Structures are given as structure tokens and as C-alpha cells.
Amino acid sequence: MDNASARNMWGDYLDAHLEFAFVEAPKVLHFSDNEQDADHSVGLVLKNLKNAASFSLLGLQHRKETLPKVGAFVILTDWNGKAKCIVRSTAVKLKPFFSITKEYVQMDGLGDKSLEYWKKYHWDYFSRELAPFNRVPRDSMIVVCVEFEKVYG
């Protein structure tokens, strides 16, 4: 962890939760690929209106990132890297894009929380994410659906 605000937040969390002193250091990340969406999404988490995040399996594979794990901690930051909160994953499910449900979209908390909004938003995002790898989203692509709870912040 080379982010000072994230290190400080994790230290504060561990001071109150020594039972996690030996867990793997959390990933530090912001949502999305632009400042407006990143800051808006973390704001929804802070208000307990967003309890899920969606990643393309292809994107994770192309960036050689590991799959999120149940029980793993993540420090969420704003676009500029300032730590805002800590979340812990409670479920990780791999689902084809076409099978995303309204119930899951409600947990994701974006826009008007409709399935249509979620699909357009993520299709556009996955298109931008996969373009550098000469890939495009497909209705059958696998989405990594991570459900989480805010534990600090």
C-alpha cells in the first residue's frame, strides 16, 4: 500500500479490530475510469446506497488481476486517491451480462437503479475498458458481481 491516506485508514481500522491484524493487506482502488463517476460511486457507498460493484472478467484477466475474494477488504478512494472508506466483500458471483437481475442492480445503486440504466452504463464502461485489448463486450460476457458491506468510514 503506497497510498498514505489508505495506510492511515487501514491502521485506524486495525486499532479497533485487532482480529484482522494478519489478514492480507487490502487493495486500494477507486471506481470507474473518470473522476465524476468515481467520486459519485464512492459517495453512494458512504451513504450506504451502493453495496455491490461489477467488473468484467475479461478486463481482470487482461490486467492480470486476481478475482475478488469473499471476506477480502478493499479501501475505496476518490478519483484523486484519498481514502474514503473500507468495505469487505460478502459475495462474489460470476454471471453472464444478460443474466444480471433487478435485485443485483438495486445493490449496485447507480443512476435510477433500473436494469436498463445499469446495462447501458456498464456496457459503455466495459467497451472503454476492453478497447485497449482489442476486445468488445458481449451479452454473454462474464461479469464479476461483488457484494460488499461498508465496515469503516
Side-chain angles (χ1 to χ4, degrees), residues 1-13 25-133 135-139 141-153:
M1 225 185 306
D2 60 357
N3 177 317
S5 69
R7 262 197 320 279
N8 290 339
M9 182 175 278
W10 184 240
D12 291 346
Y13 181 75
K27 284 186 175 180
V28 179
L29 58 87
H30 61 73
F31 289 112
S32 198
D33 60 351
N34 65 79
E35 184 170 1
Q36 182 179 345
D37 288 345
D39 292 352
H40 178 70
S41 290
V42 78
L44 292 174
V45 175
L46 291 171
K47 295 175 188 165
N48 296 311
L49 298 173
K50 180 175 178 62
N51 298 298
S54 310
F55 304 91
S56 73
L57 182 58
L58 265 178
L60 293 175
Q61 290 170 330
H62 280 294
R63 289 189 304 275
K64 298 182 178 13
E65 293 180 28
T66 57
L67 273 176
K69 295 180 184 74
V70 173
F73 292 94
V74 174
I75 299 174
L76 296 175
T77 72
D78 62 15
W79 180 255
N80 295 311
K82 180 171 176 17
K84 294 295 188 178
C85 63
I86 301 172
V87 298
R88 190 173 192 202
S89 60
T90 56
V92 177
K93 299 171 184 164
L94 304 182
K95 298 180 178 184
F97 186 86
F98 68 79
S99 75
I100 299 298
T101 63
K102 282 189 257 186
E103 293 74 26
Y104 176 75
V105 167
Q106 295 292 308
M107 290 190 312
D108 200 297
L110 296 176
D112 63 5
K113 296 186 182 182
S114 71
L115 188 56
E116 295 76 22
Y117 181 95
W118 185 96
K119 284 191 169 190
K120 176 167 182 5
Y121 177 94
H122 283 86
W123 192 270
D124 293 347
Y125 172 74
F126 294 150
S127 295
R128 294 188 307 271
E129 175 193 36
L130 296 175
F133 308 110
R135 301 298 295 266
V136 295
R138 299 193 189 291
D139 216 33
M141 71 182 286
I142 300 300
V143 177
V144 181
C145 301
V146 180
E147 299 171 20
F148 56 79
E149 61 183 351
K150 183 177 67 163
V151 295
Y152 188 82

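Computed from a prediction, not measured in an experiment: that's the story for all the values here.
With hydrogens and angles ignored, the 3.5 Å screen pairs a side-chain donor or acceptor of D112 with a backbone N or O of S114. A donor-acceptor pair is defined here as one N or O able to donate and one able to accept, closer than 3.5 Å; such a pair exists between the side chain of Q106 and the backbone of K113. A donor-acceptor pair under 3.5 Å links the side-chain atoms of D39 to the main chain of W79, judged by distance alone. Between the side chain of N3 and the backbone N or O of A83 there is no donor-acceptor pair closer than 3.5 Å. K84 places no side-chain N or O within donor-acceptor distance of the main-chain N or O of G43, the cut-off being under 3.5 Å.
Of the inter-residue distances, the one linking Y121 atom OH with D37 atom CG reads 3.5 Å to the nearest 0.5 angstrom.
More than 12 non-hydrogen atoms from other residues, nucleotides or ligands lie less than 6.0 angstrom from CZ of R88. Heavy-atom neighbours of K93 NZ from other residues, nucleotides or ligands within 6.0 Å: at or below the threshold of 12.
Using a 4.5 Å heavy-atom threshold, the side chains of V87 and V151 count as separate. Counting heavy atoms from C-beta on, the side chains of W10 and P26 come closer than 4.5 Å. Under the 4.5 Å side-chain criterion, counting only non-hydrogen atoms from C-beta, I100 is in contact with C145. In this structure, V144 and V92 have side chains that are in contact, with non-hydrogen atoms separated by less than 4.5 Å.
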Expected list for residues 65-73: side-chain donor-acceptor pairs under 3.5 angstrom, two or more places apart:
from: E65; atom 1: OE2; to: R63; atom 2: NE; distance (Å): 2.7

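The cationic atom of K50 (NZ for Lys, CZ for Arg) lies less than 6.0 Å from the six-membered ring centre of F31 and within 45° of the ring axis.
Aromatic pair W118/F97: ring centres closer than 6.0 Å.
Between the side chains of S54 and D108, at least one donor N or O sits under 3.5 Å from an acceptor N or O.
Every pair passing ring-ring contact (aromatic ring centres under 6.0 Å, His included) that includes a residue from residues 38-62 is listed here, sequence neighbours excluded: H62-F133.
The pair R128-D124 does not count as a salt bridge, with every side-chain nitrogen at least 4.0 angstrom from each carboxylate oxygen.
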